[in-house]
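These notes are about the structure you will find just below.
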Amino acid sequence: MKLKKQSTQSRRKARDFELQDTMATKEYTPDLLELLSSNGADMLIRNNNEEVPVTELKNRIVGLYFSKNSDENCQRFNPLLIKTYNDLREMGKDFEVILISEDNLSETQFRLSFSTMPWLALPLGQMAHMKILVPNAIGIIERHGSSAYPFNSEKLTQLDGQLREAQPSDYLFGDFVRDCGRAERLSSRGTMANNENAHGLSELLSSKHFLIRNYIEEVKMSAIVGKVVGLYFGSCWLPSSQSFICRLTQLYEELGPNGTNQFEVVYICSDNDIGTFIKYAWKMPWPMIPFSDSETRMSLMTKFKCCTFPKLVILDGDGKVMMDDATDIVWEHGAAGFPFTPSRIRFLESLETEVVYSMGSSIRLISNDGKQVQVSNLKNKTVAMYFWRKSDKHCAYFHTFLLTTYEELKKEEIFDVVLIPQGQPNIQYDEEFSEMPWLALPDEDVAEKAIQHFKIVNFPGLVIIGPNGKTLISDAIDTILEHGSKAFPFTRSRIGELAVISEAEHEKQTLESLLIDGDKDFLLGICGTIVPVSSLVGRCIFLYFSAEYITDSQAFLQKFIGLYFDFQEIGGNTRPPMEVIYISCDEKSTFEYYFEKMPWLAIPHGDKRREMLLKWFKVKTFPRVIMIGASGRTVDYDTANKIMGFDSQAFYDWCVFGLGL
């Protein structure tokens, strides 16, 4: 049945293009003027209220853009279409776009939404049912942009042929996945490639010379040549894939471009509709094969026998398949599994059992009152090994979340925490430890061995050990930040359940659900004023998470304040002003000192809404800016980089024209 399904999907390849056959028939040859006029549309409008007669479109190539401003997929596609439109206009091409809104908006709301778009529109309420030249040009814009002009079958066939005939070079995927070899079968949890699994991937991927990231950023193959690569096959609507994405993201942050830069992931989507792809893909930090290249996606899934998802195929730096499926290794060991060689996996397996208790019967733990506790007392409990560094601000920030989790689970006597300090030979006399309710490992040599064993590089670190002594999660920081005690017993199935619940909750997100907690329905304004959350509904909101002890925070704040005032000036009276909400992770005195200099709002210091928002958005680095659209939904999770990278005009254009705010 699976093979039959794949065959059906293969026959539907390049669904987004529908190039030669559909365009060659008379059925798709429109008389645009007649179709518009027959639906009562004699005049079109521009965003400055100028009316344009339909007759001006005669003999022009026109794109009919069916859009819903409230839809995330449309919000993500807007920048691509705007870029294509502007490029063609600058080149003097005879091309126009007509917006056909499917929103249920008032006239004022429609005008505000349409004000961000540079093209024409049907007047509100007029929907035309017409035949079209290209049934769905989303994939064409994604793949070719303005190069596809004039969007006829000859041009698109030519472009498709150019991609397929492109010779391998230093940026082609095929260059580093050649000569897939064989290796021994490793274990039931992760298998090495044999002859049956050795594929000429260069043939499968030769039709593409680039990947994409966040749906719009192009990534050349040269960026991943020579790295260990994981081909990640997933179906995002599955709970198992959603939970694995969280786990793989943790590994990627440590080993990917922002970490040691030794590992890369390439996502191969198995979903059948572009809407599902866009919904999840733009949140992923790694490159992926474009959704429009369905032939490559289906070929890879067939060759690697992807019957269940998720699946992670590991290639070494020379492109040889080292492991057919590393999902279990990633789940259990995270970055510690790198570089996923047979020797590394065997080493992990040899150390896997009785990790906590193998410290030895002579090793003693201590409580904060100096009492000694035997390691054997932890048997049959789930144990969190908390790797900690004295006076570290990141550890201090995480401490609150772990403490809450501990207090909620400790009373059941099924969970415990062991502090593993770095470089603290006399932890029993440490003032900070005296205020901690859990146990600690006082032996500095044993603590250092544990740090090396679990490859703890950044602090804090948190490893969850199950009642049987085996590792459940090798990096549980994000799990605690997001879920706290709800994640217990920290099994894969429980993390998967929470991923589904979290996704459903995020789908229902509104500004009120984010910022109102019981009677806490207000924010602090300038000079101590109180601002109701209700007054912000329908506005563009920037949630600004900051900790001023971070080196870059003060420089960022200065840039952000300047951009804030410039944004208001550029927008003038034509748009409602942006608003920023400051969420401080500093001490009260530091919060008061900096907030006094800020021109925006803030969550009161000590307000528990801060912890709720930190968990909701998984914030663990600062500064961090989250953008919330007028609908109350999140439209960008990493706005801080745009603030630092764009000048004021570019940032305004990105917000207004790119995201449709």
Side-chain angles (χ1 to χ4, degrees), residues 72-73 75-77 79-80 142 173 205 208 210-221 223-224 227-259 261 263-294 296-297 300-301 306 309-315 326-327 330-331 334-335 475 478-479 482 495-496 499-500 502-503 506-507 617-621 624 626-627 633-642 659:
E72 289 184 0
N73 300 332
Q75 293 172 10
R76 295 298 155 189
F77 179 67
L80 296 175
E142 177 196 38
F173 205 175
L205 295 166
K208 280 287 179 185
F210 68 90
L211 304 171
I212 59 172
R213 192 196 314 269
N214 302 132
Y215 189 59
I216 58 175
E217 177 189 349
E218 186 174 305
V219 180
K220 289 190 175 181
M221 298 302 174
I224 53 181
K227 295 181 182 180
V228 175
V229 175
L231 299 180
Y232 169 40
F233 298 87
S235 184
C236 286
W237 63 272
L238 290 172
S240 57
S241 287
Q242 293 177 27
S243 56
F244 184 70
I245 288 173
C246 298
R247 190 76 180 106
L248 187 60
T249 298
Q250 294 173 356
L251 179 148
Y252 190 77
E253 288 176 351
E254 186 170 337
L255 300 177
N258 294 327
N261 202 25
F263 180 67
E264 191 54 88
V265 173
V266 176
Y267 176 52
I268 299 98
C269 173
S270 68
D271 295 311
N272 293 324
D273 65 282
I274 193 169
T276 302
F277 173 77
I278 296 173
K279 179 179 179 181
Y280 292 97
W282 73 274
K283 301 177 183 179
M284 297 182 188
W286 42 72
M288 59 199 68
I289 294 175
F291 182 85
S292 55
D293 192 7
S294 56
T296 298
R297 292 190 292 112
L300 284 170
M301 283 188 280
C306 294
F309 301 99
K311 182 172 184 175
L312 186 69
V313 179
I314 301 295
L315 311 176
T327 52
V330 171
W331 262 114
D475 183 2
D478 283 347
T479 302
E482 184 177 4
I495 301 303
V500 175
S502 178
E503 179 66 24
H506 278 73
E507 288 291 330
F617 293 109
K618 306 177 189 177
V619 177
K620 61 178 181 177
T621 58
R624 179 86 178 272
I626 309 290
M627 187 187 297
R633 300 290 294 279
T634 306
V635 295
D636 190 70
Y637 287 87
D638 191 20
T639 312
N641 284 337
K642 285 87 172 180
L659 297 180

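Just so you know, these numbers come straight off a predicted model, no measurement behind them.
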Shortest non-hydrogen pair, Pro290 vs Ile212, comes out as CA-CD1, 3.9 Å
Mind listing the closest non-hydrogen atom pair of Tyr252 and Pro257 along with its distance? OH-CD, 3.3 Å
To the nearest 0.5 Å, tell me how far Leu300 CG sits from Lys311 NZ. 11.0 Å
Please assess Glu507 against Arg633 for the test side-chain contact (heavy atoms from CB on, under 4.5 Å), listing each intermediate value before the final yes or no. CA-CA 8 Å; Glu507 288 291 330; Arg633 300 290 294 279; 3.4 Å; yes
Set of side chain to side chain contact (heavy atoms under 4.5 Å, CB included) partners for Glu482, sequence neighbours left out: Ser502, Lys618
When rounded to the nearest 0.5 angstrom, what is the spacing between OG1 in Thr634 and CD1 in Ile626? 7.0 Å
Across all chains, not counting sequence neighbours, the salt bridge (Lys or Arg N to Asp or Glu O under 4.0 Å) partners of Glu254 are none
For the atom pair CG (Asn641) and CZ (Arg624), what is the distance rounded to the nearest 0.5 Å? 10.0 Å
Hey, could you give me the CH2/CG distance between Trp286 and Leu251, rounded to the nearest 0.5 Å? 9.0 Å
Can you list everything that forms a side-chain hydrogen bond (donor to acceptor under 3.5 Å, both in side chains) with Arg297? Sequence neighbours excluded, please. none
Listed by chain and number, what are the side-chain hydrogen bond (donor to acceptor under 3.5 Å, both in side chains) partners of Tyr232, not counting sequence neighbours? none
Would you name the heavy atoms of Met288 and Leu211 that are closest together and state the gap between them? O-CB, 3.4 Å
Non-hydrogen atoms of Ile314 and Gly230 that approach each other most closely: CD1-CA, 4.1 Å
Going by side-chain hydrogen bond (donor to acceptor under 3.5 Å, both in side chains), name the residues that satisfy it together with Thr249, two or more places apart in sequence or in a different chain. none
Pick from Val265, Leu312, Ile268: which one makes a side-chain contact (heavy atoms from CB on, under 4.5 Å) with Leu231? Ile268
Geometric class of the Phe244/Trp331 ring pair [parallel <30°, tilted 30-60°, perpendicular >60°]: tilted
Rounded distance [0.5 Å steps], CZ in Arg247 versus OG1 in Thr327: 12.0 Å
Which value, rounded to the nearest 0.5 Å, describes the distance between Cys269 atom SG and Met301 atom CE? 7.5 Å
